[in-house]
Each structure stands twice: as C-alpha cells, then as structure tokens.
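The figures that follow rest on heavy atoms only: side chains count, while hydrogens, waters and symmetry mates do not.
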Amino acid sequence: MEKKIEIKICIGTLCYVMGGSELQLLAEHLPEKFKKRVDIIGSTCLDYCLDQEKYGKAPFVEINGEVMAEASINKVIDYLIKKY
Amino acid sequence: MIYSNNATLLRRELITKLAKLFIEGDIKDIDRIPLQIAPRNSVPIRGSIAKDRAILKYMLMALLGYNISDEEDELMTLAEYAKKSLENHNPGKNILTVVDEACSSCIKTNYIVTNLCRGCVARPCTLNCPRHAISFIGGRAKINTDLCVNCGKCMEVCPYHAIVYVPVPCEESCPVKAISKDENGIEHIDNDKCIHCGKCILACPFGAIMAKSQIIKILKRIKTPNEKVIALVAPSIIGQFKASLPSILEGIKRIGFDKVIEVADAAVTVAENETEEFLERMEKGDDFMTTSCCPAYTELVKKHVPQIQKNVSNTRSPMHFSAKYAKEHFPEYSTVFIGPCIAKQFEGIYDECVDNVMNFEELGSLFIAMNIDVSKIDAPEKISNESEIGRWFAASGGVSNAIAATITDPSMVKGLKINGINKKTANLLKIYSKKCPGNFIEVMACEGGCIAGPVTVCNPKVADKQLKKFFEDNKK
Ligand code: FES
C-alpha cells in the first residue's frame, strides 16, 4: 500500500487571517489519486509565524513534516504531484 | 473562487503594522511602514519602488481615515496625518476612496482591436463608429480612446471578431454605475450614486479602492484610561475564525473592550418588530414589505429605487437596537460596532447611538497585532440559545426564517429573497414596485448574506459551512 501523506494546516489566528481560511477547502480540491492517501488535519499555531525571516510568510502548512510558507491550495497540490 | 488575494493581504498587513505601532506608542514612526514593505533593493510590484511606496502611503492615509483626494501637500507626512486624525479630524460622510496612483492601470475604453484585424477593405468598424474614433495605422484599426464612448458597435460589425470587450473590474462590479473614469482615466466614485456596498473593493485587482478606516480612533478610545468601550459584534462573526463563538468574544475582550455584546440579541427584537409591522401593513392593504437591516440596500432604495421607499420596513437595524440598548444600560460607555460591512460604517455616521464602526478584517489584523490567538482561547463552550434566531441574520435567508419563526401563522408570508444586489436584481426591484409576486422581500446586498461581506477574513464558502455547523451543534 502507498504511504500516507499527512498535511497539517495551521488554524492559528495569524495564518487564518492571512489567507489560511482558503485552505479549509483543500480536501474538496485534491486530485482523485490523492484523496485516499492524504490525511488533512488542522493544527493550532505551528510557531513558524514567530520567525518570518527563517520560514517566510503565513499561511503555513506542514506536509509530512516539511514546512510550506504562503501556502495555497494550488501550491499544495503542485507540491504533492511533484513529490508523491 | 479564492477570496483572499495579494491585494487583500497587503491591506491586512498594513492594518496590523499600523495597529502595532499605535499600541506600542510609536505611531510617529508610521512613515517607515512603506519603506519596510517596499525596501530599496526589492523587486518592485508596480514598476518602481518609489511608486510602490507612494501607493502604500496612500493606503495608510485611508486607514487613518482620510480621502486620498484630501491630500493638499505631498510633503505632509503620515505622522502628521496620524496626529491630526487622533486630534479632531472629521473624516466626512463618504466611505470609499480611490488610490489614484494605484488605479489608472486599467484600459480607458472597453474595446480593443486585437492582432486578428486584417485591415480589410470594407472597414465596417470605421463606417459604423458614431464618433469617428477608429482610424487605420500601419494597416490595422486603432481606437482613439479620447473619442470612444464604449458603444460596442465596432465589435458587433467586425467580420473577423478582431475587436474584443475588456471589462474594467470595478465598473463591472458596481450595481449602480457609481464608479467611472475621470478625464485622466482614473476611477472616480460618485457619492450621489454610491450605496457603499464595497463590491468595487473586492473587484479591483490592484487594491486601489479603500474604505476610510476608523481603527486608530477606536484604538485611542480603548487605550484612554478612563474611557469605557463596548463592542457590539455582528452575528456574522460566527464562522469567521477557526474558534468557538465564546472564544472569539473572549478574544475581542482581550483587545481591551470593557464589554462585548452580541448584536444577535437585538436582531431578535428586530424580527419581532418587523413581524408586527408586517402584520399591520398587510392589514392596511400594502402590497409588500421589504427588510431594512442591510444598509447598502436601504441606500439603494433611497438613491435608485425611490418608488419602493414606502415598502421598506421602518424598523431600524439590529446594529441600532444593539447600540441603543448599550447606551440605555451603560450610558458612560462608547459603542463600537464590529461587522463584515462597509455600508454599516456609513450607517454608523448617522446613528446617534453608534460611536465607531470597525470591520472583521480590522478585527483579525488587531488580533495579529496584539498576539491574540482565538484558536487557543479556552472559553466556556456553552452559550445561551436565547438569541438563536437573531444569529440567523448572518446569512441570506436568515431574516426570512426569523420572521417565519416569530409569526403565529407562517402561511401568511409569501417570501421572496434577493440574495446579492447587482445590476440585474436592482432592476428586479423596480419591477416589483409595479407588480410583486410575494408580500415579503428579504434583501441582502452581498451574495450569501453578511458572512460574505466585503471586509471579512474568511472565505465565504468556508464561513457558510462553519456557520451551518454552529447551528447544527447548538441544536443538540
Ligand atoms: S499562526 Fe500559523 S504558524 Fe503561527
């Protein structure tokens, strides 16, 4: 069986206000082939927002432990297609 | 559709920075914000760093409560504007202002000749143009933008479909043709027509239209030691953040408000009054009655569909009832309404009980500026269900449902809904004035209702889901 992919979406207020609310619709936009493989979970502040210089701008998402800054639905899907 | 775009996010970033400076007592440093956001060696977004900075300055001016056109002296610093704004500046009675520097990027005429033009012999475009605006240069048609009046005849007659219509987003979005170009090609808002719906703010891809903010005045109230301030929070707050309603209300308190009241409480009174009024009007033989809670709609009637003025409910809005309650019970407090809406800002200017109006975008930015994370606030999960029908006002259909739940005989109501004011539905209202197929019309200017207001933080689709879930959970 293919390995599961875990996507953590930050629902901290900073990420949420800076465009993160859009990511709540990620599940319905995932391509078919990822629908079963991906686990989407909401997480309280992941603390990336504390260091803009190091991690970049909100909203943040973690995909199998790897951080993505300025995350958007398209950006996440592109990443999945490339990597998995 | 993606609701938050770079233009919206930039505005939120500016509000956050502005609020932070104020809170830390460093508002005099406000002129540094444009330099921080557009530093010297960055890649310019609009051609040059100088232009980027100028636009940021004007956006901040609007956030300080100024019309961009108020600028008399280009050398006047933001720090001076801030000072004046905190002293006694009167922001005037219009809400929207155009950042002219950011505008002017759209085409002047809606019709463009593409390179499909073959420079044919027949040239029906030149023959049919009533203004003689088309000439041939280098074997191809060219429209003289000074002469063109956007009639579209050239597009209709071109045998190659070489002429296309290109929309101007703000003009396209305005339901009442209140925004148009001046002689310099810059958009101008006609305040005699504008209904403050805020659709142009959402539509402009350059973020060139701003609402004049009261945020700094509100922060001043909060920070003044012996001034007490009540927050009146609109029902549509539910679903705006990834947090429970009590947590959000607690978060608002932590900003420094001394009391927080749900406007939904007052909306219950509005539903009761409107129901009573409806029954009276039907008894009297009125054709129909419409709601009155949406201020963009009441403005639409006043300025563009006066023939149905008599049909608009005389019951004042939930914001008014809520503020009136606050003033009666806590006379020493100032009142700040917090909502998703630009038009409420306008309504607030004329409401004797409302001192200031703030929007959800500003609220979200304030949370960031003050490090308040509502998703982490543990507040008691139980909330009272007493105002439940008042909370329905947040979404399209909610007011109708509230009336149906209040009236003894719901079969009396033949309800119609206008879910979103646009050019088409504005016309529909004119038709209803002659012949109305129902007897109760609920009108909301934003498609989806208040949760889809122009200055919210959450994607409306997500907000709608969260609102529905709230009502589900609350039933249990
Ligand atoms: S709020 Fe998302 S990382 Fe802090």
*Asks:* By a 4.5 Å heavy-atom criterion (distance strictly below it), what part of F367(B) contacts chain A: side chain, backbone, both, or neither?
*Replies:*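 Contact with chain A is through the side chain of F367(B) alone.
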*Asks:* Would you please name every residue forming a side-chain hydrogen bond (donor to acceptor under 3.5 Å, both in side chains) with D52(B), sequence neighbours left out?
*Replies:* none
*Asks:* Roughly how far, to the nearest 0.5 Å, is CD1 of I9(A) from NZ of K242(B)?
*Replies:*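 It is 9.0 Å, given to the nearest 0.5 Å.
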*Asks:* For F241(B) and Y16(A), which heavy atoms make the closest approach, and how far apart are they?
*Replies:*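 Shortest heavy-atom contact: CA-CE2, 3.6 Å.
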*Asks:* Do you know which of V374(B), I15(B), V457(B), T16(B) makes side-chain contact (heavy atoms from CB on, under 4.5 Å) with V17(A)?
*Replies:* V457(B)
*Asks:* By a 4.5 Å heavy-atom criterion (distance strictly below it), what part of L363(B) contacts chain A: side chain, backbone, both, or neither?
*Replies:*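 Contact with chain A involves no heavy atom of L363(B) at all.
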*Asks:* Any heavy-atom pair between the side chains of K465(B) and Q24(A) that's under 4.5 Å?
*Replies:* no
*Asks:* What heavy-atom pair brings G12(A) and S375(B) nearest, and what distance separates the two atoms?
*Replies:* CA-OG, 3.7 Å
*Asks:* At a 4.5 Å cut-off on heavy atoms, which part of Q466(B) comes close to chain A: side chain, backbone, both, or neither?
*Replies:*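 Side chain only.
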*Asks:* With a 4.5 Å cut-off on side-chain heavy atoms, are L14(A) and D373(B) touching?
*Replies:* no
*Asks:* With a 4.5 angstrom heavy-atom cut-off, could you sort out which part of I368(B) is near chain A: side chain, backbone, both or neither?
*Replies:* side chain
*Asks:* Looking only at heavy atoms, which two atoms of S21(A) and C458(B) are closest? And how far apart?
*Replies:*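 Minimum heavy-atom separation between S21(A) and C458(B): OG-CA, 3.4 Å.
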